[in-house]
Amino acid sequence: MFASLDTGFGGQFKFLTIIGLYLSILNFSLKIIHFLGLGEFKSFFKTMTPIVTAVEGFITFSYWSLKFYSSDMVVRSEVVIPLFWDLSLHLWAGVALYVDFFLLNTEFKRDSSHIAGIYTSTALYYAWISYCNSHNGTWPYPFLEDISEVTRTLVIIFSGTLTVAFYELASHIHKAIHVETHIKDKKKN
């Protein structure tokens, strides 16, 4: 059942989806606190927003692609996720972050530190799920189970690279939407 997702070492925090949701909530919360004038978190969420948005884009794309290909690759056969929760966990956070990023994040500037943050997050997540696997004997997603360590590592590297691709694509779209902001920035330099 749905409640069985949190069993074992690491609980629900083995799942990138859950980590992404918590980071999304943190990101939105800090923005609200900042815009209400209750705290100075602007530099934090300016760095965090593009990274979390790209990660949520990866989560949404990879989850639904794998689920439509073969749902047993991402969710164990004994687990049933009702559609409302499936959409809430694997779609709406990504949609909300991209809407926020494209419409409200007018000051965004592409930065190599964002890419470094994505690859660092990828490496940390791989280290974390490997540690959880050393306690549980299972990986959080079934498609990671029956492959070699080399293949698993390549899948994780590819996942990080795909997340960077989502970042780059969003960066280009953002630049097209906010042409006047980017022109003003070039004139300042």
Side-chain angles (χ1 to χ4, degrees), residues 2 5-6 10-64 81-129 132 140 159-189:
F2 188 56
L5 286 176
D6 64 345
Q12 292 182 344
F13 290 99
K14 294 182 301 253
F15 301 100
L16 185 59
T17 299
I18 302 302
I19 294 168
L21 287 173
Y22 275 93
L23 290 174
S24 299
I25 291 167
L26 176 63
N27 186 54
F28 281 124
S29 299
L30 293 178
K31 278 186 175 186
I32 291 168
I33 290 168
H34 172 75
F35 289 121
L36 291 174
L38 302 173
E40 212 26 68
F41 300 105
K42 188 173 185 175
S43 63
F44 183 73
F45 68 72
K46 279 178 72 172
T47 301
M48 188 174 171
T49 295
I51 295 170
V52 174
T53 302
V55 169
E56 281 293 345
F58 169 76
I59 291 167
T60 300
F61 175 80
S62 61
Y63 176 81
W64 290 105
I81 304 175
L83 182 60
F84 172 81
W85 286 110
D86 217 2
L87 293 172
S88 297
L89 292 168
H90 302 107
L91 180 65
W92 299 128
V95 169
L97 280 165
Y98 276 102
V99 167
D100 173 69
F101 179 72
F102 290 135
L103 300 181
L104 303 175
N105 195 356
T106 58
E107 298 177 13
F108 166 75
K109 290 183 182 105
R110 187 195 172 284
D111 194 306
S112 59
S113 68
H114 299 147
I115 295 169
I118 290 168
Y119 279 121
T120 300
S121 300
T122 302
L124 289 172
Y125 180 66
Y126 188 36
W128 168 242
I129 62 172
C132 290
S159 299
T161 303
L162 186 57
T163 305
V164 168
F166 278 103
Y167 170 81
E168 294 291 0
L169 178 61
S171 177
H172 289 299
I173 293 169
H174 188 279
K175 189 174 183 178
I177 293 170
H178 299 283
V179 173
E180 64 282 346
T181 304
H182 292 278
I183 290 172
K184 288 178 190 174
D185 287 342
K186 280 188 179 181
K187 287 181 181 177
K188 286 180 186 177
N189 296 331

Original post:
In Å, rounded to the nearest 0.5 Å, how long is the span from CG of Asn105 to OG1 of Thr53?
Top reply: 7.5 Å
**OP:** Please determine which of Leu89, Leu91, Leu97 meets the side chain to side chain contact (heavy atoms under 4.5 Å, CB included) test together with Thr60.
**Re:** Leu91
Original post:
Mind checking whether Tyr98 and His174 have side chains closer than 4.5 Å, heavy atoms only?
Top reply: no
Original post:
About how many Å separate CZ of Phe13 and CD1 of Ile129, when rounded to the nearest 0.5 Å?
Top reply: 15.5 Å
Original post:
Any side-chain heavy-atom pair from Phe58 and Val164 closer than 4.5 angstrom?
Top reply: no
Report all side-chain donor-acceptor pairs from residues 22-31 shorter than 3.5 Å, counting only partners two or more places apart or in another chain.
from  : atom 1 : to     : atom 2 : distance (Å)
Ser24 : OG     : Gly20  : O      : 2.8
Ser24 : OG     : Glu56  : OE2    : 3.3
Asn27 : OD1    : Thr49  : OG1    : 3.0
Asn27 : ND2    : Thr49  : OG1    : 3.2
Ser29 : OG     : Ile25  : O      : 2.7
Lys31 : NZ     : Asp100 : OD1    : 3.2
Lys31 : NZ     : Asp100 : OD2    : 2.3

Subject >> N/O donor-acceptor pair under 3.5 Å between Trp64 side chain and Ile59 backbone >> reply: no
**OP:** Decide side-chain contact (heavy atoms from CB on, under 4.5 Å) for Lys46 and Lys109; before the verdict, give the C-alpha distance in whole Å, the side-chain angles of both, and the deciding distance to 0.1 Å.
**Re:** CA-CA 9 Å; Lys46 279 178 72 172; Lys109 290 183 182 105; 5.6 Å; no
Original post:
Does Tyr126 OH have over 12 foreign heavy atoms under 6.0 Å away?
Top reply: yes
Subject >> Straight-line distance of Lys42 NZ to Thr47 OG1, nearest 0.5 Å >> reply: 12.0 Å
Subject >> Step-by-step side-chain hydrogen bond (donor to acceptor under 3.5 Å, both in side chains) determination, Thr163 to Tyr119 >> reply: CA-CA 9 Å; Thr163 305; Tyr119 279 121; over 6 Å; no
**OP:** Measure the spacing between NE2 of His114 and OG of Ser121 and express it to the nearest 0.5 Å.
**Re:** 11.5 Å
Original post:
Between atom CH2 of Trp92 and atom CZ of Phe84, what is the distance when rounded to the nearest 0.5 Å?
Top reply: 10.5 Å
Original post:
So do Pro50 and Phe45 actually touch side chain to side chain, heavy atoms under 4.5 Å?
Top reply: no
**OP:** Measure the spacing between CZ of Phe166 and OG of Ser171 and express it to the nearest 0.5 Å.
**Re:** 14.5 Å
Original post:
Quick check: does any side chain N or O of His90 sit under 3.5 Å from a backbone N or O of Asp86, one acting as donor and the other as acceptor?
Top reply: yes
Original post:
How close do Ala93 and Leu21 get, heavy atom to heavy atom, and via which atoms?
Top reply: CB-CD2, 3.5 Å
Original post:
Between Tyr167 and Ile115, is there a donor-acceptor pair closer than 3.5 Å when you use the side chain of the first and the backbone of the second?
Top reply: no
**OP:** Would you confirm whether His178, through its side chain, and Ile173, through its main-chain N or O, come within 3.5 Å as a donor-acceptor pair?
**Re:** no
Original post:
With a 4.5 Å limit on heavy-atom distance, are the side chains of Glu168 and Arg110 in contact?
Top reply: yes
